Protein chains: 2
Amino acid sequence: MFSHSSLEHQPGWSRDPNCPVRDVLDRIGDKWSTLILVTLANGPHRFSAMQRAIPDISKRMLAQTFRDLERDGLIARAVFPTKPPSVEYRLTPLGETILEPLAALVRWADRSHAAITHARLTYDRTS
Amino acid sequence: MFSHSSLEHQPGWSRDPNCPVRDVLDRIGDKWSTLILVTLANGPHRFSAMQRAIPDISKRMLAQTFRDLERDGLIARAVFPTKPPSVEYRLTPLGETILEPLAALVRWADRSHAAITHARLTYDRTS
DNA sequence: CAGTATCCTTAGAGATACTG
DNA sequence: CAGTATCTCTAAGGATACTG
């Protein structure tokens with residue numbers, strides 16, 4: 001299985017709950033992060049624009065996820081002193097670098113969702 | 001931004017809470033799925049072997065995540081009628097196909113965790 | 001507009017004890 | 001060994017009302 005060598009023989013990262021890879025994966029694995037990052041791939045968005053782009057996120061979670069992503073250095077926050085104030089969020093250079101791997105996963109999900117749906121139906125029918 | 005075209009101009013999938021891509025991403029985004037899939041990349045594991053490979057997972061969550069992944073058709077469960085019984089879990093062909101995109105994300109996490117840690121320190125210090 | 005603060009409900013997940 | 005059942009606790013997250 002040399003083709004997936006980067007996933008193999010790494011006793012450390014599965015075993016260690018504090019492993020940095022786990023830590024990072026947990027963050028992007030939360031309910032809204034990837035959705036926000038992917039939306040920002042289309043360009044900077046303001047707070048309210050993001051709410052329109054992802055209608056089922058609450059203000060609370062949007063604000064919190066923005067904060068977390070900014071803290072991780074994946075997005076940047078710019079305040080324009082208009083009135084009322086407007087705030088723009090954009091990907092940082094670091095944030096841009098996650099788009100490729102994320103896109104690969106999205107492509108996989110898109111390619112596989114039919115097979116998965118079918119597998120679920122079969123499973124639910126036989127058990 | 002033509003390089004990330006697969007993430008752009010897809011009003012449907014961010015807006016629609018029931019989008020299949022979201023659904024699939026949510027599943028692999030849970031706490032244990034990726035860890036289990038990545039561990040199975042090294043070959044089939046029995047229940048107890050997986051517990052040793054991921055020491056901080058509880059029996060309950062391991063059983064549940066195994067069930068969910070089997071339901072999605074990503075892993076297969078084989079019971080050998082020894083006594084006491086032994087059960088082996090392995091990736092299905094479909095399950096194998098997720099390893100590449102997952103590996104890309106793991107590589108990104110590995111490459112970026114230093115930058116992220118640094119960003120967090122800076123953020124926490126200035127705010 | 002872009003948030004915070006507060007309250008409240010549920011889902012995620014651990015611990016433990018039991019079973020085929 | 002490979003689970004299930006139950007009980008419990010916490011944290012994720014929604015709704016609403018308020019503020020610079």
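Proteins come first, then strands; the chains are lettered A, B, ... in the order of their sequence lines, and each starts at number 1. Keep in mind that what you see is a predicted model, and the values were worked out from it rather than measured. We use all heavy atoms of the structure for the numbers below, so side chains are in, but hydrogens, waters and symmetry mates are not.
- Residue-to-nucleotide proximity on DNA chain C shows that, of B:D30 and B:P84, the 5′-proximal contact is made by B:D30.
- A heavy-atom distance below 4.5 Å is found between the side chains of B:T39 and B:M50.
- Distance CD (B:Q51) to P (D:dA2): 9 Å, rounded to an integer number of Å.
- Atom CG of B:L40 sits about 10.0 Å away from atom OH of B:Y89, to the nearest 0.5 Å.
- Side chain of A:S48, nearest nucleotide from D:dG14, C:dA2, C:dG3: C:dA2.
- Contact check for A:I116 versus B:L94: side-chain heavy atoms found under the 4.5 Å cut-off.
- Rounded to whole Å, atom P of C:dA5 lies 16 Å from atom CE of A:M61.
- The distance between atom CZ of A:F66 and atom P of C:dC1, rounded to the nearest whole Å, is 15 Å.
- When rounded to the nearest whole Å, the span between CZ of B:R60 and P of D:dG3 equals 15 Å.
- Applying the 4.0 Å criterion to OP1 and OP2 of D:dA2, one finds that B:R77 has every side-chain N and O outside that range.
- Across all strands shown, C:dC1 is found opposite D:dG20 as a Watson-Crick or G-U wobble partner, with both distances under 3.5 Å.
- A:D16 and A:R22 are not joined by a salt bridge, as no carboxylate oxygen comes within less than 4.0 angstrom of a charged side-chain nitrogen.
- In this structure, the CZ atom of B:R27 is 16 Å from the P atom of C:dA11, given to the nearest Å.
- Nucleic acid contact for A:Y89: sugar-phosphate only, since backbone atoms but no base atoms lie under 4.0 Å from a heavy atom of the residue.
- Toward the 5′ end of DNA chain D lies the nearest nucleotide of A:W32, the other residue of the pair A:W32 and A:K59 mapping further downstream.
- DNA chain D is contacted by both B:R52 and A:P85; B:R52 maps to the nucleotide lying nearer its 5′ end (nearest heavy atom per residue).
- For B:S58, whose side chain is taken as the heavy atoms from C-beta onward, the closest listed nucleotide among C:dA2, D:dG3, C:dG14 is C:dG14.
- One interatomic measurement links the two molecules: NZ of B:K31 to P of C:dA11, which rounds to 18 Å at whole-angstrom precision.
- Between the side chains of A:D30 and A:S33, at least one donor N or O sits under 3.5 Å from an acceptor N or O.
- Atom pair B:I57:CD1 and C:dA15:P shows a separation of 12 Å (rounding to whole Å applied).
- In this structure, B:I54 places its CD1 atom 13 Å from P of C:dA13, rounding to the nearest Å.
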